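What you are looking at is a predicted structure, and each value in this text was computed from that prediction instead of being measured. The first residue of the sequence shown is numbered 1, and numbering continues consecutively from there.
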Amino acid sequence: MTFIFTALLCMGLTLGLGTPVLTGALPKPVLRAQPHSVISKQNKVTFLCEGATTAKEYRLYKETYQNQWRRVISPNPKNKNEFSISKLDYHHAGRYRCQYLTLDGWSEYSDSLELVVTGFYSKPRLLAQPSPEVTEGRNVTLQCDSWQAHHCFILTKEGPQQLSRTLDSQCNINTWQYQVQFSVGPVTSSQRWTFTCYSFNNDSPQVWSEPSDPLELLISGTLHKPTIKAEPGSVITSGNSMDIWCKGTLDAEIYVLHKNGSQKPWGTQTLEKPENKAKFSIPSVTQLDAGQYCCYCYSSAGWSERSDTLELVVTGIYNIKPRLTALPSPVVTSGGNMTLQCVSWGGYDKFILTKEDQKFLSSVKSEFIHSRHYQALFSIDYATPDHKRTFRCYGYYKQTPQLWSVPSDPLEIHISGLSKKPSLLTHQGHILDPGKNLTLQCYSDIKYDRFVLYKLGGADFIQQDSQLTQSGLSMASFTLGSVSSSTGGRYRCYGAHNLSYEWSTSSDPLDILISGQFQIRPSLSVKPNSTVHSGDNVILLCKTADTVNTFILSKEGAAHQPQRLKPKFQFGEFQAEFSMNAVTSDLSGTYRCYGSAGSSLYLLSYASAPVELTVSATASEKQDHTVENLIRMGFAVMILIVLGILVFEAWGSQRQSQHAVRR
């Protein structure tokens, strides 16, 4: 029979522990509380008093009040009775005993049962010093503290080997918290170690606070350590979803994911049946998820070793995007060195380089360069085809090394120099006026599947499938359209095969210069005269009163690059002398000169007025040409004679063979 305690308080029964009763040699009853003797307020508790089968009556006493709360007369003989309290409050806390009556008299009192009611003060905090991760066989210090002034703290342990320990509190004058420290250990990996702490006052030792959050120690045991992995990767953009996998042994029953610096597991999974892995999902990653993680697994044999550390980085936290460039070019010769430069004005403490969204090189401290910009240089020695991937860089602050900025734009690195270089040419000349159309051609005697055009300092590559010419060359044409100031620059081309990531050796550089970019028009003159004889020395003088950084001399229709000279300031003018010693008739033609202001080597002034240079051949030069022609004719006649002899011998051999067949 079950009775409700709160109603019984009003009955006013006065028989207490001091009431004279007849006690004999009857067995002492056993008093238990269900579900437990430590119960939070407003919950239900049931006292179970177990006596003899001949019992006619049971009584339950609360020692503090010295009053009998309830007398139960059993209608039928039985060996136990129940007393229930439906909603616990502070006055229900205390010590209880029970007694039963038979025809032989009253039994002894049961052993005292202490009923603790929790939840009357705010919960304290339970910490492991310095961390809940503990090596097997070691001791650990657990600190329980609270902002409320309490006399005592009690530590309880869950599990088969339960314990409880009480210590008087002390006030920490630095934090003004009340706290105690419990020493626990040595710990073993064969069981779980989960603790909770409470606070209470001496005048009501069975009235406790709310329980602290449970603290489970992670014991690094001797069983095989699990592996930890992040999908899609350990560098993840804020707001994206990800999974962390912990893979252990086949008999693992519990998996625990722990974040370094935390006093409680990030997640715990108790499996319905043993499995060798568990998944911890983060639907939307935030900056709070960044940090270092490890995992453990637990089986009937105990705790595993600690897994390796997984560092989870969250990107996109800071919106100032750095810029990543390759110096001098994103194309590097196989086996060569390259430098990647990460620049930002965000004032980041460090920059880090990633390849395919994974860390590639250690972070580098930023340095101030100019105009509030900061940079870091990453050196890659001995580039190999393995470095042909997509790189990005990020910035971050040293206080939060796992919180990164938005990424730089991707930078592709290409490895060249693994096959013969192609050639790059233009039919429109090296110096073009704005608005003219430009087409560059890249060709090779190697049958490449495609060609790639790159402008030095640019971020993009232009690719074209190759075509086979009638002469057997592979070639691609790159139409750049109407030129402007942005077209000027140095170009190179590469050959590539479709099944290979590597490129050929670079072509020789081809400079495209754009004229008419400055309101300067230099003058050009020839010394000693515009008509000279072969073998004479000639000087083409380019000058202007305006400030220039470089003079450029070009010959109309020439295939070679224009000449450049630094000017000298003389007689109130900038001038440069382009010397031609021992000229030949090949140097005859139309010449122009230009000025460059230095802001860009490829942007030129307007052209000077054209100058016609005429080189006349001398008699000796004509004679030399006659001799050369006679020698060439002599060689040709000799080759014809040799070929005639070979044909005659072949014809004679064929006739002898036919005569032998007839015979």
(Q) Run S596 and N549 through side-chain hydrogen bond (donor to acceptor under 3.5 Å, both in side chains) and show every step you take. (A) CA-CA 6 Å; S596 171; N549 181 263; 5.4 Å; no
Q: Take W404 and V314 through the side chain to side chain contact (heavy atoms under 4.5 Å, CB included) test and state the conclusion after the steps.
A: CA-CA 6 Å; W404 293 359; V314 180; over 6 Å; no
**Q.** Derivation of the side chain to side chain contact (heavy atoms under 4.5 Å, CB included) call for F478 and Q464
**A.** CA-CA 7 Å; F478 298 91; Q464 290 282 1; 3.3 Å; yes
Q: For the pair L432 and L438, evaluate side chain to side chain contact (heavy atoms under 4.5 Å, CB included) and give the outcome as yes or no after the intermediate values.
A: CA-CA 8 Å; L432 289 87; L438 175 64; 4.1 Å; yes
Q. Hey, mind stepping through S507 and R492 against side-chain hydrogen bond (donor to acceptor under 3.5 Å, both in side chains) and telling me if it holds?
A. CA-CA 6 Å; S507 68; R492 296 178 185 270; 6.0 Å; no
Q. Should Y491 and L456 be marked as a side chain to side chain contact (heavy atoms under 4.5 Å, CB included) after you check the CA-CA gap, both sets of side-chain angles, and the distance that decides it?
A. CA-CA 6 Å; Y491 293 81; L456 184 65; over 6 Å; no
Q.
Let's go through R521 and D546 carefully: what are the C-alpha distance in whole Å and the side-chain angles of both, what is the deciding distance for salt bridge (charged side-chain N to carboxylate O under 4.0 Å, His left out) to 0.1 Å, and is it a yes or a no?
A. CA-CA 9 Å; R521 190 182 296 274; D546 298 295; over 6 Å; no
Q: Just do the ring-ring contact (aromatic ring centres under 6.0 Å, His included) check on F569 and F574 with the steps written out, would you?
A: CA-CA 4 Å; F569 188 73; F574 291 90; 4.9 Å; yes
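Residues W266 and D289 are in side-chain contact: their nearest non-hydrogen atoms beyond the backbone lie under 4.5 Å apart. Y296 has its side chain within reach of R306: a pair of non-hydrogen atoms, C-beta onward, lies under 4.5 Å apart. I244 places a side-chain heavy atom less than 4.5 Å from the side chain of I228. Proximity of I431 to L604: side-chain heavy atoms (C-beta onward) are separated by under 4.5 Å at one or more points. Taking the side chain as every heavy atom from C-beta outward, T315 and I236 never approach each other to under 4.5 Å. With a 4.5 Å cut-off on side-chain heavy atoms, N537 and S579 do not count as touching. Within the 4.5 Å cutoff, side-chain heavy atoms of M242 are placed close to those of L312. S484 places none of its side-chain heavy atoms less than 4.5 Å from the side chain of P434.
Rounded to the nearest 0.5 angstrom, D308 CG and E311 CD are separated by 13.5 Å. Between atom CZ of residue R450 and atom CD of residue Q463 there is a gap of 5.0 Å, rounded to the nearest 0.5 Å. The distance from the CG atom of L473 to the CG atom of D445 is 6.5 Å, given to the nearest 0.5 Å. Here OG1 of T487 is found 13.5 Å from OH of Y602. Values are rounded to the nearest 0.5 Å. Annotation: the span from T550 atom OG1 to L565 atom CG amounts to 9.0 Å, rounded to 0.5 Å. Between the NE2 atom in H258 and the OG1 atom in T309 there is a gap of 10.0 Å [rounded to 0.5 Å].
Residues P265 and V256 share a closest heavy-atom pair of CB-CG1, 3.5 Å. Nearest heavy atoms, S238 versus T286: OG-CA, 4.5 Å. Annotation for P522 and C542: closest pair CB-SG, 3.9 Å, computed over non-hydrogen atoms. Between A607 and Y594, the shortest heavy-atom contact is CB-CE2, 3.2 Å. Heavy atoms only, all atoms of each residue included: L411 and L340 are closest at CD2-CD2, 4.0 Å. Listed here is the closest heavy atom pair of D243 and S281: OD1-OG, 2.8 Å.
Donor-acceptor pairing under 3.5 Å is recorded for the side chains of H430 and Q561. Judged purely by distance below 3.5 Å, without hydrogens or angles, the side chains of N437 and S482 never pair a donor atom with an acceptor atom. Inspection of the E612 and T590 side chains reveals an N or O donor paired with an N or O acceptor under 3.5 Å. Between the side chains of T354 and R392, no donor N or O sits under 3.5 Å from an acceptor N or O.
Remark: the backbone N or O of E275 is paired with a side-chain donor or acceptor of Y255 at under 3.5 angstrom. Side-chain atoms of Y394 never come within 3.5 Å of backbone atoms of P322 as a donor-acceptor pair (strictly under, hydrogens ignored). For S504 (side chain) and G495 (main-chain N/O), a donor-acceptor pair under 3.5 Å exists by modelled atom type. In this structure, R564 contributes its side chain and L601 its backbone to a donor-acceptor pair below 3.5 Å. S605 contributes no side-chain N or O that, together with a main-chain N or O of F518, makes up a donor-acceptor pair within less than 3.5 Å. Side-chain atoms of K350 do not come within 3.5 Å of backbone N or O of P401 as any donor-acceptor pair. T426 places a side-chain N or O within donor-acceptor distance of the main-chain N or O of Q428, the cut-off being under 3.5 Å. A donor-acceptor pair under 3.5 Å is absent between the side-chain atoms of T479 and the main chain of G481, judged by distance alone. At least one donor-acceptor pair under 3.5 Å links the side chain of S466 to the backbone N or O of Y448. K259 places a side-chain N or O within donor-acceptor distance of the main-chain N or O of A290, the cut-off being under 3.5 Å.
The 12-atom threshold is exceeded at NZ of K555, counting heavy atoms of other residues, nucleotides or ligands nearer than 6.0 Å. Atom CD of Q570 has more than 12 neighbouring heavy atoms from other residues, nucleotides or ligands inside a 6.0 Å radius.
For residues 307-343, every residue pair satisfying the ring-ring contact (aromatic ring centres under 6.0 Å, His included) rule, not counting sequence neighbours, is listed here: Y318-Y397.
C295 pairs with C246 as a disulfide, the SG atoms being under 2.5 Å apart.
The aromatic rings of F461 and W503 sit perpendicular to each other, their planes meeting at more than 60°, with 30° as the lower class boundary.
Checked for salt-bridge contact, K279 and E231 miss the test: no charged N lies under 4.0 Å from a carboxylate O.
The cationic group of K229 does not satisfy the cation-pi geometry with W245, failing either the under 6.0 Å distance to the six-membered ring centre or the 45° limit from the ring axis.
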